[in-house]
2 protein chains.
Amino acid sequence: MESSSATAGVSTRREATRQKLYEAAVTLIAEQGFSATTVDEIAERAGVAKGTVYYNFASKSVLFEELLRHGVGLLTASLREAAEATARAGGGKVDALDAMIRAGLVFIDRYPAFTQLYVAELWRTNRAWQSTLMVVRQQAVAVVEGVLREGVENGEFSDEIDVPLTASALVGMVLVAALDWQSFQPERSLDDVHAALSRLLQGRVSGRNG
Amino acid sequence: MESSSATAGVSTRREATRQKLYEAAVTLIAEQGFSATTVDEIAERAGVAKGTVYYNFASKSVLFEELLRHGVGLLTASLREAAEATARAGGGKVDALDAMIRAGLVFIDRYPAFTQLYVAELWRTNRAWQSTLMVVRQQAVAVVEGVLREGVENGEFSDEIDVPLTASALVGMVLVAALDWQSFQPERSLDDVHAALSRLLQGRVSGRNG
DNA sequence: CTTTTTGAACTGACTGGTCAGTGCAAAAAC
DNA sequence: GTTTTTGCACTGACCAGTCAGTTCAAAAAG
């Protein structure tokens, strides 16, 4: 009987198909938006039949929700890793923040379509996947907030800073700068962009010339 | 009743209808996105007949494009006014930046739906109104870049800063912080949010406790 | 009289979701 | 070793519903 076998509980074949669908969906939805993207398009770009989409996902919305979870999971892991690496290396919280800025830039550089799609959907209201979006947002922002809070506790940051708001502002700074970089100055290097944001973070904007 | 005649060539009556359609469209599109919003919905929310929409705008896309121009025009004027007011008051470029942050917050506070909609569309590609979006974006960002450039010239800012990127980052900082404020902490005051962003701008994040 | 709005009917293209059927590799039977 | 069975994964034509845009006679507004 049992034919599925496979090493894990999930067949590798199916997982590969889902991955192809994620990749197709992410670029199409980033370009056109969720509603303007048809299931037929996603299937065609992924090189599978339309029925396969519905074999693997309950609906178009569910495909999108799982895509969101998948992508933000990668980002969150990357941010956390960056923060922990600086901690292991004995760096301070400013270094951790700086490393997370870089991790954010690397992520956006690697998955620009996902980032576009995420930004485009995050602040909408009355959408089916609203709760999913809130959860994954919180996971990512919490990493930044955590570092800020620890920095306040150990005296590295002023205890007058507003942790949630500052975290949002930092995320926004990286997000918008990176998206503009991708869209309007794609020829620039990541290091270049990182340096500009580092300068801003450390308040080295004001100051004398040359 | 109404003193029609109108100073310009456009009748006030027609202009009022268009205004109602803008307001209806902006909230619906902010919530649902452009594609998911129907012309019937827009007409219903505006309290006019569907035919009126097409009497006033050539198409759904044209309505949206004119809405974008209208909204960003308001923002740009507001930013410029803020910068000029500080200049008249003899303030420096840091003060101008700070005033513009406040102007941005006021705008987002007053027109949250427009802001959501704008962010959701800005980084998309292959859309009909792409060029419109680029133009209006540049108008708004140019005001920030102008202040930064003047600050570099008069020595108030380091000449090592990257003007376009820093401008993007500042816009992003305000944008994301404000949207998060609206979405997740609407009870907080504008002054409160402004203070937190001011602190970040002036690099007063690092530093000793209380 | 002219401009603007109404509102309902209509069209033609498009879309999310369905479902009966196919292909195939591993397991079971012989 | 060969034949048969099993059921997962996939297919793609099809359907019922939706939507942008059109049309137009009539009425309200000015």
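Reminder, nothing fancy here: chain letters follow the sequence lines and each chain counts from 1.
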Whole angstrom value for the distance that separates [atom2] of [N] from [atom1] of [X]:
X       : N      : atom1 : atom2 : value
B:Glu44 : C:dG7  : CD    : C1'   : 13 Å
A:Phe64 : C:dG16 : CZ    : P     : 14 Å
A:Arg18 : D:dC8  : CZ    : P     : 15 Å
A:Ile42 : C:dT15 : CD1   : C1'   : 12 Å
A:Leu28 : C:dT15 : CG    : C1'   : 15 Å
A:Phe57 : C:dT18 : CZ    : P     : 16 Å
B:Tyr55 : D:dA28 : OH    : P     : 17 Å
B:Arg13 : C:dT3  : CZ    : P     : 12 Å

Heavy atoms from other residues, nucleotides or ligands near CD of B:Gln185 exceed 12 (cutoff 6.0 Å):
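Enclosed: over 12 neighbouring heavy atoms sit under 6.0 Å from CD of B:Gln185.
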Within the 4.0 Å limit for protein heavy atoms, which parts of nucleotides 15-27 of chain D are touched? Write it as a string from 5' to 3', B for base, S for sugar-phosphate only, - for none.
----SBBB-----
For the atom pair CD (B:Glu121) and CD1 (B:Ile29), what is the distance rounded to the nearest 0.5 Å?
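Between atom CD of B:Glu121 and atom CD1 of B:Ile29 there are 8.0 Å.
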Within the side chain of [X], is there an N or O that forms a donor-acceptor pair under 3.5 Å with the backbone of [Y]?
X        : Y        : value
A:Glu150 : A:Lys93  : no
A:Thr37  : A:Leu28  : yes
B:Asp95  : B:Gly92  : yes
B:Trp123 : A:Ser183 : no

Can you confirm whether the side chains of B:Gln139 and B:Thr76 place a donor and an acceptor under 3.5 Å from each other?
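There is no such pair (donor and acceptor under 3.5 Å, judged by atom type) between the side chains of B:Gln139 and B:Thr76.
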Quick one about A:Gln19 and A:Glu15 (side-chain donor to acceptor, distance below 3.5 Å, no hydrogens or angles considered), yes or no?
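Short answer, no.
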Of A:Phe57, A:Phe114, A:Phe64, the residue whose pairing with A:Tyr22 passes ring-ring contact (aromatic ring centres under 6.0 Å, His included):
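By the ring-ring contact (aromatic ring centres under 6.0 Å, His included) criterion, A:Tyr22 pairs with just one of A:Phe57, A:Phe114, A:Phe64: A:Phe57.
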Can you check whether [X] has a side-chain N or O nearer than 4.0 Å to OP1 or OP2 of [N]?
X       : N     : answer
A:Asn56 : D:dA9 : no
A:Thr52 : D:dA9 : no
B:Thr17 : C:dT4 : no

Using atom names, set out every protein N or O paired with an N or O of nucleotides 20-22 of chain C below 3.5 Å, distance rounded to 0.1 Å.
none

